[in-house]
2 protein chains.
Amino acid sequence: MVSTKPEIGFCGLGAMGGGMATHLIKSGFPVTGYDLYRPLVEKLVAAGGKAAASPAAAAKSAVFLILMVVNSVQADSVLFDPEVGAVPALRHGATIILCSTTPPQYLKDLRQQIDKIAKRPDLRLLDCPVSGGSIRAANGTLSIFSSGSDTDLDNASIVLEALADPLYRVPGGISMGSIAKMCHQHLAVTNIIMASEAMGLAAVAGLNTQAVYDAVMTSKGASWMFGNRVPHMIKNDWLTVHSAVSIILKDAGIVTTHAKLSGYPLPLANAAEQLYVAGAFAGFTKLDDAAMVRLYLPADDSDLVGALAEAAGSAEDGVSIDTIVDILAGMHLASTRECMAFAEHIGMDMELLRDIISKGAGGSAMFDYAVQQMLKAGCSLKAVKDAKLVRDRFEYALKKASGLRQALPLATTALQQYYFDLGR
Amino acid sequence: MVSTKPEIGFCGLGAMGGGMATHLIKSGFPVTGYDLYRPLVEKLVAAGGKAAASPAAAAKSAVFLILMVVNSVQADSVLFDPEVGAVPALRHGATIILCSTTPPQYLKDLRQQIDKIAKRPDLRLLDCPVSGGSIRAANGTLSIFSSGSDTDLDNASIVLEALADPLYRVPGGISMGSIAKMCHQHLAVTNIIMASEAMGLAAVAGLNTQAVYDAVMTSKGASWMFGNRVPHMIKNDWLTVHSAVSIILKDAGIVTTHAKLSGYPLPLANAAEQLYVAGAFAGFTKLDDAAMVRLYLPADDSDLVGALAEAAGSAEDGVSIDTIVDILAGMHLASTRECMAFAEHIGMDMELLRDIISKGAGGSAMFDYAVQQMLKAGCSLKAVKDAKLVRDRFEYALKKASGLRQALPLATTALQQYYFDLGR
């Protein structure tokens with residue numbers, strides 16, 4: 001049976017792209033795939049796709065060319081390589097769908113380059129970064145933050161709807177999809193460190209880490225990232241890479257760079273980025289980002305979180321499960337404030353962002369508690385009922401932890417924001 | 001009398017460049033000066049220089065073309081402007097001396113651009129960033145970090161020696177002068193915030209700020225920046241701009257960007273940069289950087305440091321002069337460690353850097369105390385005798401201050417480094 005669905009060229013068949021391409025095949029699209037790493041192309045062929053030996057070959061008969069490469073450098077190479085680049089090979093009026101997370105400014109540069117240097121103003125370009133991980137990629141249930149002209153988005157909806165659930169359409173044209181993803185990633189970036197810092201403290205304090213996990217997930221300290229990453233920490237499994245340190249480090253750089261260009265201070269996101277840099281410096285670049293917890297553990301005891309899930313630990317120095325919950329809640333409220341204030345400063349649609357985050361990997365119990373209050377009364381801790389109570393419990397928890405001399409760089413940075421925002 | 005000294009073209013006649021150019025005239029050099037802002041050119045003419053209406057006019061008969069512009073964007077414009085750029089106008093074999101502080105990578109890009117795009121490989125290029133402020137600029141006693149080929153440096157020594165005391169020759173060729181300056185600026189960047197944070201705390205605690213200043217300067221909390229900036233804070237004079245927030249913000253960006261490119265974590269420098277971004281966001285961009293203390297003062301009481309220098313304050317909540325000294329000492333030791341470890345990572349000549357910093361604006365009592373120990377035993381807090389004692393006093397001082405709920409973001413970030421480095 002000949003498919004009636006439009007032909008797809010797919011470049012970048014890694015954990016995310018491979019799943020997406022395979023799902024498109026299952027959904028009836030003819031897919032021609034390319035990756036630098038040949039076994040990934042063979043895997044796609046085994047799933048029913050066609051192999052392309054170059055980006056140009058993948059582009060040749062594509063109505064939609066999807067890019068799920070690591071970063072803007074790879075996207076440039078796929079599109080504009082002088083020998084085998086995709087752009088010259090694309091047919092008139094084809095659509096490039098960039099699903100990689102890149103700096104928002106890149107999209108505008110890319111449009112310019114397609115128009116002025118490659119002289120292909122006929123090509124359509126959609127800015128469609130995704131969120132949700134490899135399992136949702138394979139199931140066609142990614143969050144996709146799509147932006148571009150309405151005509152081009154309508155035209156591509158058959159493909160985007162096959163890949164996404166939910167599919168967001170971010171108003172404002174090219175780059176706004178990337179801005180939405182970037183705002184969301186602010187919380188992804190900070191919340192992974194928060195989970196790491198909290199579990200590192202719990203382990204060093206000798207708490208039962210499984211009990212901490214269970215209690216946090218039904219408390220005001222809960223977050224999507226805590227729920228997702230802590231089980232990896234408890235398994236001591238850093239080699240099954242769901243999402244690598246290198247990826248979240250790149251995302252952190254996109255957030256902090258855009259904020260600097262916008263003249264907006266993000267002390268929490270920058271502190272978190274420095275911790276990823278420290279993680280990369282310690283050799284974690286290719287590990288699952290749950291390995292960030294090891295930055296907080298003694299070098300000779302890097303499996304402590306897992307060990308304490310089995311043998312019940314006995315708390316030291318007064319650090320209890322409540323201490324961990326209060327520190328997480330204090331951090332999450334501060335990062336919610338920072339994220340939403342930044343998003344407002346750069347002109348993001350705030351209601352849409354609230355919806356994206358509350359359903360996404362950046363969500364947390366404190367986000368859900370605080371965000372509506374901030375949208376009504378301003379993106380300040382002052383707008384949040386009981387912010388002083390959160391601060392008081394946060395302070396008290398850090399005081400309890402202080403006897404351990406455990407590094408808590410993001411927590412202590414977060415506490416300072418209460419002092420700046422709420423005064424004495 | 002006709003001067004026998006070589007002709008100088010000078011672009012950028014602001015607080016630094018104007019003083020340098022005037023000093024060259026006094027030293028017998030014929031100087032032709034250019035600045036976008038015409039009154040600065042007239043001032044140079046009044047001092048005995050010649051006016052140039054464009055960079056090309058300043059370059060025309062110059063043996064040495066000195067650039068003391070704000071940043072690399074201005075340097076590009078002065079050198080390569082298609083209408084009036086200096087490079088095409090320079091005579092064969094002339095020397096460009098770049099004194100502006102720019103990213104180290106810029107020097108290499110600049111050499112490429114001169115050779116490949118402007119096709120002037122005959123031109124010599126020296127990388128000569130400076131330190132020391134406008135008074136030393138006018139006196140010919142700047143610290144200059146010169147790098148380039150030895151021949152070109154020897155050839156330019158008549159000019160460099162007229163401007164500098166001390167004149168450093170940094171081995172390793174183009175960009176190493178900028179790397180030396182960058183390493184030094186790490187401490188300039190952090191130490192200004194440390195002075196601001198400490199004096200903000202002293203004022204909010206109600207201490208007599210003049211007494212704090214006097215005591216700190218003879219203590220282990222002393223630093224060059226504290227000695228230089230705190231008198232401006234006490235005078236509440238932010239409008240007499242010795243060095244603007246915009247300049248130190250740019251320098252901070254050079255440090256943090258280079259560190260990221262090198263994969264090296266700098267939590268203190270990044271935390272400091274975020275505070276400059278917050279200062280700029282609060283409207284301090286054009287003020288003297290001593291205005292950074294206002295970030296730490298109540299909005300309705302921004303002159304508190306000055307007010308408390310006259311009326312003797314009474315300390316609150318147990319914060320004493322010793323508290324301030326211990327916090328400063330704790331911070332300076334942590335930033336010394338961070339700076340020297342970074343410098344070592346990027347291959348800086350460590351003995352030379354020690355010499356530069358100990359005589360420069362990045363110097364501090366704790367730097368002098370710790371640096372030789374680090375050079376012998378490694379750039380870790382572990383290498384420093386009594387580092388645990390410094391930590392204990394730092395911890396105790398922060399505990400004393402905690403009742404005030406005063407934001408101390410750089411201090412709390414610094415304390416975490418002791419926990420990472422020394423363990424429990």
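Throughout, protein chains are lettered first and strands after them, A, B, ... in sequence-line order, and every chain is numbered starting at 1. For the numbers below, each heavy atom of this structure counts, side chains included, while hydrogens, waters and symmetry mates do not.
- Contact annotation for A:Ala278: both backbone and side-chain heavy atoms come within less than 4.5 Å of a heavy atom of chain B.
- Annotation: the span from A:Ser402 atom OG to B:Tyr419 atom OH amounts to 6.5 Å, rounded to 0.5 Å.
- Classified by interplanar angle (parallel below 30°, tilted 30° to 60°, perpendicular above 60°), the ring pair A:Phe420/B:Tyr296 is tilted.
- Neither the backbone nor the side chain of B:Tyr276 comes within contact range of chain A; no heavy atoms are under 4.5 Å apart.
- The environment of B:Tyr396 atom OH is sparse: at most 12 non-hydrogen atoms of other residues, nucleotides or ligands sit within 6.0 angstrom.
- A:Thr413 places none of its side-chain heavy atoms less than 4.5 Å from the side chain of B:Thr412.
- Ranking B:Arg391, B:Lys399, B:Gln417, B:Gln406 against chain A, the residue ahead of the rest is B:Arg391, based on heavy-atom pairs under 4.5 Å.
- Note on A:Thr257, A:Leu408, A:Leu295, A:Leu415: by heavy-atom pairs under 4.5 Å with chain B, the leading option is A:Leu408.
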task = Under the side-chain contact (heavy atoms from CB on, under 4.5 Å) rule, what do A:Arg405 and B:Tyr418 come out as? Steps first, then yes or no, please.
result = CA-CA 9 Å; A:Arg405 289 192 166 128; B:Tyr418 289 83; over 6 Å; no
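- Options B:Leu249, B:Leu266, B:Thr256 differ in how many heavy-atom pairs under 4.5 Å they form with chain A, and the most are formed by B:Leu266.
- Across B:Pro265, B:Ala280, B:Ala259, the residue that shares the most heavy-atom pairs under 4.5 angstrom with chain A is B:Pro265.
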inquiry  = Using the rule given for side-chain contact (heavy atoms from CB on, under 4.5 Å), can you reason through A:Lys260 versus B:Glu273, listing the C-alpha separation, both sets of side-chain angles and the distance that settles it, and then say yes or no?
reply    = CA-CA 10 Å; A:Lys260 280 184 206 174; B:Glu273 183 186 21; 2.9 Å; yes
